[in-house]
Amino acid sequence: MVKAVRVHAYGGPEALAYDDITVGAPGPGQARIRQAAVGLNYIDTYHRSGLYKLPSLPHALGVEGAGTVEAVGDGVTNVKPGDRICYGSLLGAYAETRIVPADRLLALPDGISEETAAGIMLKGMTARYLVRVTYPVKKGDTVLIHAAAGGVGLIACQWAKHLGATVIGTVGSDEKAALARAHGCDHAIVYTRENFVERVKDITGGRKLPVVYDAVGKDTWEGSLDCLAPRGMLVSFGNASGPVPPFSVLTLSQKGSLFLTRPTLAHYIATRAEYEETADDLFNVITSGAVKIEINQRYALKDVAQAHRDLEARKTTGSTVLIP
Ligand code: NDP
């Protein structure tokens with residue numbers, strides 16, 4: 001028996017059950033891994049609440065982790081027992097031990113710890129596709145990243161800065177503003193007190209922006225559209241304040257022939273080649289020092305309900321890991 005945190009019925013943090021489960025031998029194409037650390041992500045709260053449906057119930061939460069291969073099934077050639085590995089975007093991570101498709105495991109480079117990898121595989125690969133693929137940031141661009149002191153936010157700010165952008169970030173407090181500024185954010189706007197649309201107009205001399213990366217959702221939606229220059233792109237990639245309500249497509253024309261995309265990581269790392277390219281790029285910016293990773297919160301896996309409460313109460317910054 002091993003421990004796993006599962007949801008039996010959708011709900012609040014109390015819906016997280018610390019269960020005993022059986023993990024057998026890996027089947028063909030699979031690997032059994034022992035996890036040193038597991039990442040906490042905002043998407044875990046959507047899976048817990050039912051905003052995003054789980055494939056079945058009960059089901060373990062969590063989408064990123066790192067550890068060691070224990071055993072492999074028939075036909076597995078890319079990993080072997082003892083290998084240090086990590087992964088992102090693979091549901092069921094809240095567990096001491098789990099079985100995964102071996103072709104979704106990545107070799108963990110020397111110089112990156114299990115804890116760091118567990119805290120950034122989903123967030124960092126997301127930051128990468130946002131700034132390198134969805135709207136590729138160019139030298140001289142001014143970009144807006146909401147929730148700049150969060151998990152994805154701190155990585156995306158540093159990466160956009162590294163690509164040569166002037167980075168504007170929104171944050172919920174002065175402490176978070178200082179943290180964002182220390183991680184590539186040129187202008188930190190405390191949007192709980194300041195009007196971020198007016199600030200963006202001031203900062204850009206009225207020109208506004210080619211892109212806004214918005215994972216706050218409901219509360220920032222209107223303002224994000226108003227921050228865009230004609231033919232700018234709104235990248236709406238999350239719902240931390242709640243999902244964006246239905247809207248008229250005509251709005252995009254009225255506000256300047258805008259582009260809107262609602263991307264999700266899975267579609268950017270669907271093939272093994274895309275997955276490796278994305279992860280390699282992430283590992284490179286970390287090992288080169290262009291992007292610094294700090295794990296700002298650690299919880300025992302059994303205390304995950306408190307981690308969810310803190311995440312939803314906006315008390316966390318940067319990355320958070322759960323230790324099985
Ligand atoms: P964060 O660490 O960024 O935590 C969420 C942050 O959102 C909070 O810290 C808070 O920062 C801000 N926020 C604003 N309004 C609210 C609110 N009403 N309630 C709670 N938080 C609020 O989380 P992650 O880094 O894990 O994820 C960031 C976002 O990116 C999430 O929306 C997530 O779903 C999305 N995401 C999307 C992916 C995709 O491919 N589409 C993949 C990965 C993540 P502050 O106090 O500064 O406002």
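Read the numbers this way: they start at 1 and go in the same order the structure lists the ligands and their atoms.
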Note: heavy atom closest to atom 11 (O) of ligand 1, options Glu64, Lys176, His146, belongs to Lys176
min-distance protein heavy atom vs atom 26 (O) of ligand 1 -> Tyr42 N, 2.8 Å
Evaluate the ring planes of Tyr52 and His47, with Trp represented by its six-membered ring, and classify them as parallel (under 30°), tilted (30 to 60°) or perpendicular (over 60°). perpendicular
Worksheet item: Taking the six-membered ring for Trp, are His308 and Tyr94 parallel (under 30°), tilted (30 to 60°) or perpendicular (over 60°)?
Response: perpendicular
Give a yes/no verdict on a cation-pi contact between Lys53 and Tyr10, requiring under 6.0 Å between NZ or CZ and the six-membered ring centre and an angle within 45° of the axis. yes
So do the side chains of Val63 and Met121 get within less than 4.5 Å of each other, counting heavy atoms only?
no
Judged by heavy atoms only, the candidate from Ile120, Leu179, Thr126, Asn296 nearest atom 42 (C) of ligand 1 is Thr126
Q: Answer yes or no: does an N/O atom from Tyr129 fall short of 3.5 Å to an N/O atom of ligand 1?
A: yes
Hey, does Leu154 have a side-chain heavy atom less than 4.5 Å from the side chain of Lys123?
no
Next on the checklist: For ligand 1, which is the ligand I care about here, please tell me if Leu122 has any N or O atom under 3.5 Å from one of the ligand's N or O atoms.
Outcome noted: no
Under 4.0 Å from one or more heavy atoms of Gly151, ligand 1 contributes atoms 1 (P), 2 (O), 3 (O), 25 (O)
**Q.** Thr317 side chain to Asn296 side chain, donor-acceptor N/O pair below 3.5 angstrom
**A.** yes
To the nearest 0.5 Å, atom CG of Leu301 lies from atom NZ of Lys3 at 10.0 Å
Ligand 1 to Val171, heavy atom cutoff 4.0 Å, flagged ligand atoms 47 (O)
Tested for ring pair (Phe, Tyr, Trp, His ring centres under 6.0 Å) against His146, the lone hit among Phe196, Tyr213, Phe237 is Phe196
message: Under 3.5 Å between any N/O of Gly153 and any N/O of ligand 1: does that happen in this structure?
response: no
Please indicate whether any nitrogen or oxygen in Arg314 is less than 3.5 Å from any nitrogen or oxygen in ligand 1. yes
For Leu265, the atoms of ligand 1 under 4.0 Å from one of its heavy atoms are 39 (C), 40 (O)
Does Asp219 reach the side chain of Tyr191, with side-chain heavy atoms less than 4.5 Å apart? no
- Message: So for ligand 1, is Asp219 a polar contact partner (N or O within less than 3.5 Å, distance only)?
- Response: no
Checking heavy-atom distances from atom 35 (C) of ligand 1 to each of Tyr46, Tyr191, Phe237, the winner is Phe237
Q. For ligand 1, is there an N or O atom under 3.5 Å from any N or O atom of Ala215?
A. yes
ask   = Hey, does Lys315 sit under 4.0 Å from ligand 1 if you only count heavy atoms?
value = no
Min over Gly150, Pro263, Ala240, Ser319 of heavy-atom distance to atom 3 (O) of ligand 1 lands on Gly150
- So is there a nitrogen or oxygen of Gly172 less than 3.5 Å from a nitrogen or oxygen in ligand 1? yes
Going by the 4.0 angstrom heavy-atom rule, the piece of Met125 near ligand 1 is neither
